[in-house]
A.B. asks: 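This is the structure I want to talk about, given as structure tokens.
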Number of protein chains: 2
Amino acid sequence: MSGMADHSAPDLATALRTRGLRMTAQREQVLDAVRRLGHATPEQISDAVTGVDVTTVYRNLELLEELGLVRHTHLGHGAPAYRPADDDHVHLVCHACGNVIDAPPDLVDALAGRLADDRGFVLDRSHFTVFGRCRDCVAAEQTADSGR
Amino acid sequence: MSGMADHSAPDLATALRTRGLRMTAQREQVLDAVRRLGHATPEQISDAVTGVDVTTVYRNLELLEELGLVRHTHLGHGAPAYRPADDDHVHLVCHACGNVIDAPPDLVDALAGRLADDRGFVLDRSHFTVFGRCRDCVAAEQTADSGR
DNA sequence: CTAACTGCAAAAATTTTGCATGCAC
DNA sequence: GTGCATGCAAAATTTTTGCAGTTAG
């Protein structure tokens with residue numbers, strides 16, 4: 001069957017070849033895992049792939065980011081979250097329940113415009129994360145408060 | 001002289017006493033360091049204080065945050081940046097030069113309003129950081145590009 | 001006095017580095 | 001065959017945990 005070929009890694013092979021680098025099963029697996037998980041820490045990605053050393057996961061995440069195929073954000077704590085580069089949205093992280101909510105990228109357009117106009121600062125959407133409390137957790141807190 | 005008393009730690013003593021905790025020189029030093037540095041990682045704070053063990057720095061940063069005297073943000077990488085709770089502004093981090101620019105908190109008001117209206121999500125300003133490129137670095141990049 | 005706090009040592013967790021073998025091209 | 005990549009071991013970080021001595025209240 002030749003039909004099942006490169007379905008999950010469209011331009012990986014090309015990107016690698018352009019730089020004289022090699023296509024390996026590990027690289028394909030890491031990229032697949034990032035795409036499948038949406039956003040994940042190196043450790044989570046390492047758990048999601050089989051037979052790939054953690055070291056290789058780190059090295060390939062770095063490489064894939066250089067190739068422009070994945071991006072990373074900080075969703076809290078220490079571990080960076082890697083995500084597919086073409087997955088264009090921003091993140092809302094709830095401090096209370098820990099949930100990560102995806103939001104449309106145009107949410108930051110106004111802010112980006114203001115920063116650009118006022119300060120010449122070019123906002124990086126792909127790295128954009130907002131912390132706060134989600135509706136459910138706010139509601140839960142208010143219920144608790146009123147009970148005091 | 002009694003006039004030089006608690007000039008740098010206004011409500012630390014009170015906050016501690018309320019909880020039955022103790023005022024120590026180390027706690028005062030850690031809080032002072034956070035206020036003096038503006039925003040700093042545990043390691044930087046540890047370097048800034050004298051005769052305080054790193055372990056104690058970590059423990060006290062956690063405590064001071066519980067007491068509401070300091071806050072932390074993520075300015076990139078892994079290490080959290082601790083800052084005075086009353087120092088109310090948001091951060092712009094340049095990926096190119098690494099500079100951290102302080103910006104007025106009202107910068108996020110529009111975004112906060114929209115998130116609240118649309119999703120009931122309450123944004124935490126004190127934890128707010130924007131990544132991108134500062135004016136100087138954008139200019140430098142464009143000069144480089146045009147030279148190609 | 002009493003128990004909270006600290007410092008030191010050690011453990012845990014996370015990321016990086018070196019090097020010999022393996023494999024893509 | 002050539003040299004880029006991987007895996008494994010070891011080192012370097014960064015943060016946490018345990019415990020006995022110290023000290024604020």
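Everything numeric in this text was worked out from a predicted model, so none of it was measured. In what follows, every chain begins at residue 1, and chains take the letters A, B, ... in the order their sequences are listed.
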A.B. asks: Looking at residues at least two apart in the chain, or sitting in another chain, which of them share a side chain to side chain donor-acceptor pair (under 3.5 Å) with A:Thr24?
C.D. replies: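 So A:Thr24 forms no side chain to side chain donor-acceptor pair (under 3.5 Å) with any residue.
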A.B. asks: Residues two or more places apart in sequence or in another chain: which of them pass ring pair (Phe, Tyr, Trp, His ring centres under 6.0 Å) with B:Phe121?
C.D. replies: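 B:Phe121 satisfies ring pair (Phe, Tyr, Trp, His ring centres under 6.0 Å) with no other residue.
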A.B. asks: Rounded to the nearest angstrom, tell me the gap between atom CG in A:Asn60 and atom P in C:dT16.
C.D. replies: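 For the pair A:Asn60 CG and C:dT16 P, the rounded distance is 13 Å.
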A.B. asks: Can you measure A:Glu43 atom CD to C:dT16 atom C1' for me and round it to whole angstrom units?
C.D. replies: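 After rounding, the gap between these two atoms is 16 Å.
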A.B. asks: Restricting to pairs with a member in residues 128-139 of chain A, which pass salt bridge (Lys or Arg N to Asp or Glu O under 4.0 Å), not counting sequence neighbours?
C.D. replies: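 Qualifying pairs: A:Arg133-A:Glu141.
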A.B. asks: Output the rest of the hydrophobic cluster of B:Val54: all Ile, Leu, Val, Met, Phe, Trp and Tyr residues reachable through side-chain heavy-atom contacts under 4.5 Å, sorted by chain and number.
C.D. replies: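 B:Val54 shares its hydrophobic cluster with B:Tyr58.
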A.B. asks: Rounded to the nearest Å, what distance is computed from the CZ atom of residue B:Arg27 to the C1' atom of nucleotide C:dT6?
C.D. replies: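 Those two atoms, CZ and C1', are 9 Å apart.
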A.B. asks: Rounded to whole Å, how long is the line connecting atom NE2 of A:His72 with atom C1' of C:dT14?
C.D. replies: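 Whole-Å distance recorded here is 15 Å.
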A.B. asks: Just to verify, what does B:His89 make a ring pair (Phe, Tyr, Trp, His ring centres under 6.0 Å) with, not counting sequence neighbours?
C.D. replies: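 If we apply the ring pair (Phe, Tyr, Trp, His ring centres under 6.0 Å) test to B:His89, skipping adjacent residues, the hits are B:His91.
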A.B. asks: Measure the distance from OH on B:Tyr58 to P on D:dT13 and round it to the nearest whole Å.
C.D. replies: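 From B:Tyr58 OH to D:dT13 P: 13 Å.
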A.B. asks: Kindly indicate whether the side chain of A:Leu115, heavy atoms from C-beta on, has any atom under 4.5 Å from the side chain of B:Leu92.
C.D. replies: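 SC-SC contact between A:Leu115 and B:Leu92 confirmed.
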A.B. asks: Ring pair (Phe, Tyr, Trp, His ring centres under 6.0 Å) with A:Phe128: which residues, sequence neighbours excluded?
C.D. replies: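 Here the qualifying residues are B:Phe128.
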A.B. asks: Extract from the structure each pairing of a protein N or O with an N or O of nucleotides 7-10 of chain C at less than 3.5 Å, listing the distance.
C.D. replies:
residue: C:dG7; atom: OP1; partner: B:Gln26; partner atom: NE2; Å: 3.3
residue: C:dG7; atom: OP1; partner: B:Gly51; partner atom: O; Å: 2.8
residue: C:dG7; atom: OP2; partner: B:Asp53; partner atom: N; Å: 3.1
residue: C:dG7; atom: OP2; partner: B:Thr56; partner atom: OG1; Å: 2.6
residue: C:dG7; atom: N7; partner: B:Arg59; partner atom: NH2; Å: 2.9
residue: C:dG7; atom: O6; partner: B:Arg59; partner atom: NH1; Å: 3.4
residue: C:dG7; atom: O6; partner: B:Arg59; partner atom: NH2; Å: 3.1

A.B. asks: Measure from CZ on A:Arg19 to C1' on C:dC25 and round the result to the nearest Å.
C.D. replies: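 Atom CZ in A:Arg19 sits about 19 Å away from atom C1' in C:dC25.
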A.B. asks: If you round to the nearest 0.5 Å, how far is CG of A:Leu12 from CG of A:Leu64?
C.D. replies: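 Interatomic distance, A:Leu64 CG to A:Leu12 CG, rounded to 0.5 Å: 6.5 Å.
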A.B. asks: Listing request: all salt bridge (Lys or Arg N to Asp or Glu O under 4.0 Å) pairs with a residue in residues 89-117 of chain A, at least two apart in sequence or in separate chains.
C.D. replies: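 Sorted pair list: A:Asp106-B:Arg114, A:Asp109-A:Arg125, A:Arg114-A:Asp118, A:Arg114-B:Asp106.
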A.B. asks: B:Leu61 has an atom CG; how far is it from atom C1' of D:dT14, in whole Å?
C.D. replies: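 Rounded to the whole Å, the gap is 14 Å.
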A.B. asks: Show the distances under 3.5 angstrom between N or O atoms of the protein and N or O atoms of nucleotides 22-25 of chain D.
C.D. replies:
residue: D:dA24; atom: O3'; partner: B:Met23; partner atom: O; Å: 3.3
residue: D:dA24; atom: N3; partner: B:Arg22; partner atom: NH1; Å: 3.1
residue: D:dG25; atom: OP1; partner: B:Met23; partner atom: N; Å: 3.2

A.B. asks: By the salt bridge (Lys or Arg N to Asp or Glu O under 4.0 Å) test, which pairs, at least two apart or in different chains, include something from residues 59-72 of chain A?
C.D. replies: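 For residues 59-72 of chain A, and leaving out neighbouring residues, the salt bridge (Lys or Arg N to Asp or Glu O under 4.0 Å) pairs sorted by first residue read A:Arg19-A:Glu66.
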A.B. asks: Go through the structure and list residues passing side-chain contact (heavy atoms from CB on, under 4.5 Å) with A:Ala40, not counting sequence neighbours.
C.D. replies: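 A:Ala40 satisfies side-chain contact (heavy atoms from CB on, under 4.5 Å) with A:Leu37, A:Gln44, A:Ile45 only.
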A.B. asks: Can you pull out how bent the helix from C:dC1-D:dG25 to C:dC25-D:dG1 is, comparing the axes over its first five and last five pairs, to 10°?
C.D. replies: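 Nearest ten degrees gives 40° for this helix.
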A.B. asks: Starting at atom CD of B:Gln29, determine the distance to atom P of C:dT6, rounded to an integer number of angstrom.
C.D. replies: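 Rounding to the nearest Å, CD of B:Gln29 and P of C:dT6 are 11 Å apart.
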